[in-house]
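Take a look at the structure set out below.
Quick note: numbers below take in every heavy atom, side chains included, and nothing from hydrogens, waters or symmetry partners.
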Amino acid sequence: MTVHWRRTRLPDRVTRENQMQLDFTDHELEFRDEVRRFIAGHYPPEVRERQQRGLEIRKQDYLAWHQAVARRGWSVPAWPIEYGGTGWTPTQRYFWDEELALADTVPIISFGTGLVGPVIYTFGTAEQKARFLPDIVAGTVWWCQGYSEPGAGSDLASLQTRAVREGDHYVVNGQKTWTTLGHFADWGFFLARTDPQARKQSGISFLLIDMRSPGVTVRPIITLDGAHEVNEVWLENVRVPVENRIHEENQGWTCAKALLAHERSGIAMVSRSKVALARLRELAAGVAERGRPLSEDPTFRRKLTGIEVDLLALEYTELRMLAAETAGNVPGVEVSMLKVRGTELQQRLNELALEAVGSHAALRVRATLAPGAGTVAMPAAVDVADTYFNMRKTSIFGGSNEIQRNILAKAVLGL
Amino acid sequence: MTVHWRRTRLPDRVTRENQMQLDFTDHELEFRDEVRRFIAGHYPPEVRERQQRGLEIRKQDYLAWHQAVARRGWSVPAWPIEYGGTGWTPTQRYFWDEELALADTVPIISFGTGLVGPVIYTFGTAEQKARFLPDIVAGTVWWCQGYSEPGAGSDLASLQTRAVREGDHYVVNGQKTWTTLGHFADWGFFLARTDPQARKQSGISFLLIDMRSPGVTVRPIITLDGAHEVNEVWLENVRVPVENRIHEENQGWTCAKALLAHERSGIAMVSRSKVALARLRELAAGVAERGRPLSEDPTFRRKLTGIEVDLLALEYTELRMLAAETAGNVPGVEVSMLKVRGTELQQRLNELALEAVGSHAALRVRATLAPGAGTVAMPAAVDVADTYFNMRKTSIFGGSNEIQRNILAKAVLGL
Amino acid sequence: MDFSFTPEQEMLRDSLARYFADRYSFSRRQAMVRSEQGWAAGTWRGLADELGVLGAGFDPDVGGLGGGAVEHLVVMEEIGRALVIEPYLETAVLGGGLLRRWNSPRAREWIGRIVDGEVRFAFAHLEPPARYDLQHVTTRATRQSDGWVLDGLKDAVRGAPFATHLLVTARTTGADHDRRGIATFLVAADAAGLALRRYATVDGSRAGDVRFTGARAELLASADDGFDALEAAVDEAIAGLCAEAVGVMRRLLADTVEYTKQRRQFDAPIAANQVLQHRMVDMYMRVEQAVSMTYLATLSLSRPPAQRMRAVSAAKVFVADAARFVGQAAVQLHGGMGMTDELAVSHYFKRATMIESQFGSADHHAHRLESLAPDA
Amino acid sequence: MDFSFTPEQEMLRDSLARYFADRYSFSRRQAMVRSEQGWAAGTWRGLADELGVLGAGFDPDVGGLGGGAVEHLVVMEEIGRALVIEPYLETAVLGGGLLRRWNSPRAREWIGRIVDGEVRFAFAHLEPPARYDLQHVTTRATRQSDGWVLDGLKDAVRGAPFATHLLVTARTTGADHDRRGIATFLVAADAAGLALRRYATVDGSRAGDVRFTGARAELLASADDGFDALEAAVDEAIAGLCAEAVGVMRRLLADTVEYTKQRRQFDAPIAANQVLQHRMVDMYMRVEQAVSMTYLATLSLSRPPAQRMRAVSAAKVFVADAARFVGQAAVQLHGGMGMTDELAVSHYFKRATMIESQFGSADHHAHRLESLAPDA
């Protein structure tokens, strides 16, 4: 049977409205300017100075910036307005992330705002919300995450930490690991097994634990770059009031899943990578062999161009998802792609920086020079190698890139 | 407990004999010259002319060269001397392969010499040896392989072809595929299931079938480059005398395994790739943009250099295995590495050739030009794309590169 | 910012998809490209008369639908998906782009003929030693009392054997690589002084070398300053080519996912192999990002030249690499079947491969990108 | 052609392996490199007195064992395998290579001191703007009535804080990049006019910037024509570095295979993942080929300069890329544990990373390869 095609199957003419377009609205651009002005005017000068001098960023530095943002009312943009959210559009949230990146601010630590906060406002009781949310919004309490356990890795549900009910308390025993900045934490949110007989994901509860409770020990894990960023947390007969459990007993996995799905925005770190690319260009322009700057070496340039192109591809893929979100489509597991490609690009940028500084990459100067001893011959080389080493974590933590590809294979391709 | 180390644990002095060294012996080099002279003097001029004119290589062309080699006594170097082998050292065999490659000869088709021949002299009866081996050595009979079946792919043992014993014959029914140059074949060697109840690898027999037998149909498979190289072979009630079975009934898998392990020498195709690299350099020197030859474009050069380095790495890896073989160590599954890396390099060479000819790669001229119509603007571009397309097979056929990596993971790394 | 298609654009896509499914199935396409002529005029007529799609990118006052670059994107993606060889890119996108810029009564006349399906163009630009340099033009245009005549050789002119007219770049003045002095002409395929040597292309189309010996030609727009318009129209064609690549790659990915789920080996579908799964995820990620880059290029066509060129070249770099990866992976995962002429996958792979170099390779466009200021 | 080790070479390898296993375990090594001094003199003494290995590459008449490049390869591979920071490369290979070429009574005296473990060298060559250009030398050597004095700045001198003497390249004549006029000198680490700024390196060693202000120096061999010898000795050092990389990579691969077999996730060893298996196969293939390239470079050291340089540069290109791939994959497959300072794997990864650029990156050596005729 032949279908009869008629010209009327096509519109007679195309409307010029609602056409696909790259430009942002004036309103959006005004918002961006406002954000830019706010950051320029309120970023704590002493934090900026520590960054510029290459000094370690302390707990109070992170909090100072969080508190400045909170005073402006922007510390939890993605939250429901009733709990302090801004009601921003996805585009506004994107601009906020981008401006923070372009201004090279210290991050607003997301354990409270991005992770436990949403769990509390989604699953918590009115009392729990009233007790915990305001401090998270204000940035007066530092939260940490007690999820991973030694030997569990990406297989989160195989956790061994036990919480045994004794009256109105749980007695918690176990060990957590990879707890980022846990040494700064006032409170932590933990997954613990409350029903040892249940199947893997069942029988887990979500507990909030005061890190000053007796029996809580935080031990540093030094990473290969010499930094203290992650920790082990030991829990020995830690007594946790039952009212600090979020959601029903044995329903912790529901909280955990919700949390993992949250706050994917900015995961590709495009803006941070753009800043890194600009710095890399600068670095390469300052390095020369036989008088020719590395930035003019065709082999090096071609690698930079490859990264530039891939970064654009990632940026516009993220923007497409953002536009879809704006149009009401909640992003799905496709965001795993942003994580995979984003970390691959960050790591390629680190590799090129390492190539740019050449043999000088070997120098670990900052940590070993007496203060005021002056700079080495190539100041730009300082930290390049340690950054390269440190950033290897990005393809491992938060669900390794192999796990992300497994997820994509299953969820997107139906394999 | 501390071990006491004494200087006497080391030799007092090192002997200068038997030291590791790169050079070949004078005797080996003389042999290479002899091979080179033989090829130069005996390669059929009419075959060379067809190659130079880009004409199709016919059955008689392959056989003419095989027969010339046979007259010199070199057609089955790896065989035991009693059946016609040369008794060459691994180095001599390597030189033979290399000189053939450097002289760009048509290959000596290996279905007889490399595959079925060794099976016959290993597992065959005295009668079978006397009947089949001399023709293989002389190059008067063309053999083909009936192994793969539609739907089986790399899972060889899942074959469906049935051979049912009826008196002193087997009646064979089934379908084989990917039979290379089967349309030239006088005889074929086939795997057929003789015991349908047996476990996968058991119950298979190894049969020699006269391709002119009633019920044998060879149908061309045209590959993506438009070439007729492989075929389907249909077997419909083909009667095969029992005396054409090699080894015991149901022991065919033993023959098949022995055959797959055979004749790995030259599998990396290093010498052929060296010739291809030299041609690619020539090609790139003849292509220019704004007056600068592509061979001087730094981006293109860097890719060439990468291939050159990887080719050296493969060559010396093969030579190490060869040296180990010379010293009496039979190469193991490590040769899978030669196959994987060899084909990856061939394919990268094809990719660069494609890049070199640029948009001209689109032209399929030879097949569509009237004879004598002259050459196109870029004669070098002819066949580059079809070669690229054709050579995609190298990472698929003969056990895909994925299967080779599975083998290496299991056998070499114990995974 | 908005990346959604309008209802009209969705309608355009659906109509084309159904039209090609009905009229341009893979087996029909194969029968056609293997025929003596290598093409069937009916498809082009159908696109004009039955679908009216040839006017998608032109203004209503010349008989078009009033669309633009996004409509071209929609059409080209469907062309890629169905492996269509008809010269929409050369005729409506490239030729149309030049004619729109000319913007004269005569140009509107030509556009009307495009919309009505009366003319088909081939782009006769490449000269043997030019490689990808758009400015390398040595074919000479000479003004005579009654018009222009061309002399020179163009090779690898895709679609020339099917064209009614050739779009020919020629030099009115200046040296071989000068920007100034390049103009574009239209020459009737049957003009005296035009000799065509035909041959097949590996991806199922036909092409030819064209020699002009005093062939009469019609000048499009300006004689000496035609290069800016040419460069812009070629960028539009590159964006269209990227859209075609997206259609080709989507099909390669879909076929591969489907095939690996069905094909069993060692008692399991081969899609159960984690290595194959990750390869397909890598294909998927490249396809999705190629889509993004195609949108970027398409929506940048109306921006200032440096921005336009940067977006288009970046898209071509990405798409060329993606086309290679996706094509090779599709064939590899199809195993022996991917090597056969019989399955569609090998033909999509061949088209993907040719798209890599059409209008400039990844390296060529990377170099163009490098020649433009990073912040332009 | 022969790639087998002699029984004496096997004995050398076994002795070193057992010595390092006993005296240089990972935990001892870590305690040592974290100490205030960053090293322990005992190891060097042990290598000299207990093992006598420092003479492996020297002739018997200067107290050596009569070995050569292959003995250096054996030693350096074991150094890589045990992550040894002691300056065998700088002292015995590079310094020894220069001294062997000088071949004077004074040189034999120095060699004797190397064999006896009395001296340790650091190679003070790199100057801030030189990058990898071996000919870029601006440090000045001036002849005075009673010898030479040096003036200039060398930076990133690996092992300088442990050295008894620095091997310093300096210019006796010519402009900054001239081949002629470069000589190598020995300067005592405690010489007047030598100022050292110390710091740690990321791979567990120490380094320093060295300023020479009229420091007294001893000239090795010729004043104006020292570059050929320097270039040859540095090539020997690069071959040695490749051998070290092989040792490092063998350990990275072995640890990764072991770890993925033991580590369970989702109720199976993670080594059951096909993607991880193939990654390890790719590591294995790179390691094996790096071995081949190291043999090629080592056995080519005695060939004519162009052949030697080609083999050495090709080896460095391959080994640098392999070191990156193998190191990154090892950390990735160890997951979070690979990121910790606690396991050996991260330290082997860091050493592998530094080997990438030591004596020139992959791109640098690719360019050197390109500058030499293909058939030389």
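For the atom pair K393(A) NZ and T340(D) OG1, the distance stands at 14.0 Å (nearest 0.5 Å). To the nearest 0.5 Å, the span separating CG on L224(A) from CG on L343(D) amounts to 11.0 Å. Of the inter-residue distances, the one linking I222(A) atom CD1 with M339(D) atom CE reads 12.0 Å to the nearest 0.5 angstrom. With rounding to the nearest 0.5 angstrom, the OG atom of S361(D) is 6.5 Å from the CD atom of E355(A). Going from atom CD of E402(A) over to atom CG of L276(D) covers 6.0 Å, rounded to the nearest 0.5 Å. For the atom pair CG of D341(D) and CZ of F389(A), the computed distance is 11.5 Å after rounding to the nearest 0.5 Å.
Note: A288(A) leads A288(A), A385(A), A227(A) in heavy-atom pairs under 4.5 Å with chain D. Among the candidates H334(D), H177(D), K350(D), E356(D), the residue making the largest number of heavy-atom pairs closer than 4.5 Å to chain A is K350(D). Between chain A and the residues Q358(D), R324(D), H347(D), M337(D), the most heavy-atom pairs under 4.5 angstrom are made by R324(D). Interface check for chain A: of the options S346(D), A366(D), G360(D), the most heavy-atom pairs under 4.5 Å are formed by S346(D). Put simply, of Q332(D), R158(D), Q135(D), R264(D), the one with the most heavy-atom pairs under 4.5 Å next to chain A is Q332(D).
For the side chain to side chain contact (heavy atoms under 4.5 Å, CB included) test with E289(A), the passing option among H364(D), H136(D), H367(D) is H364(D); the others fail.
Put simply, the side chain of Y132(D) reaches to within 4.5 Å of the side chain of S359(A), judged on heavy atoms.
In this structure, the portion of T353(D) lying under 4.5 Å from any heavy atom of chain A is its side chain and not its backbone. In this structure, the portion of V275(D) lying under 4.5 Å from any heavy atom of chain A is its side chain and not its backbone. Of the atoms belonging to A156(D), heavy atoms from both backbone and side chain fall under 4.5 Å from chain A.
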- Full working for side-chain contact (heavy atoms from CB on, under 4.5 Å) between Y388(A) and V202(D): CA-CA 11 Å; Y388(A) 170 82; V202(D) 294; over 6 Å; no
- Task: Report the C-alpha separation of D363(D) and K303(A) in whole Å, then their side-chain angles, then the decisive distance to 0.1 Å, and conclude whether the side-chain contact (heavy atoms from CB on, under 4.5 Å) test is met.
- Result: CA-CA 11 Å; D363(D) 281 343; K303(A) 293 190 219 181; 2.7 Å; yes
- Task: Evaluate the side chain to side chain donor-acceptor pair (under 3.5 Å) criterion for residues Q328(D) and E351(A): first the C-alpha distance (whole Å), next the side-chain angles of each, then the deciding distance (0.1 Å), finally the verdict.
- Result: CA-CA 11 Å; Q328(D) 290 182 349; E351(A) 284 171 11; 2.8 Å; yes
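Using a distance-only test at 3.5 Å, with no hydrogens or angles considered, no donor-acceptor pair links the side chain of R131(D) to the main chain of R290(A).
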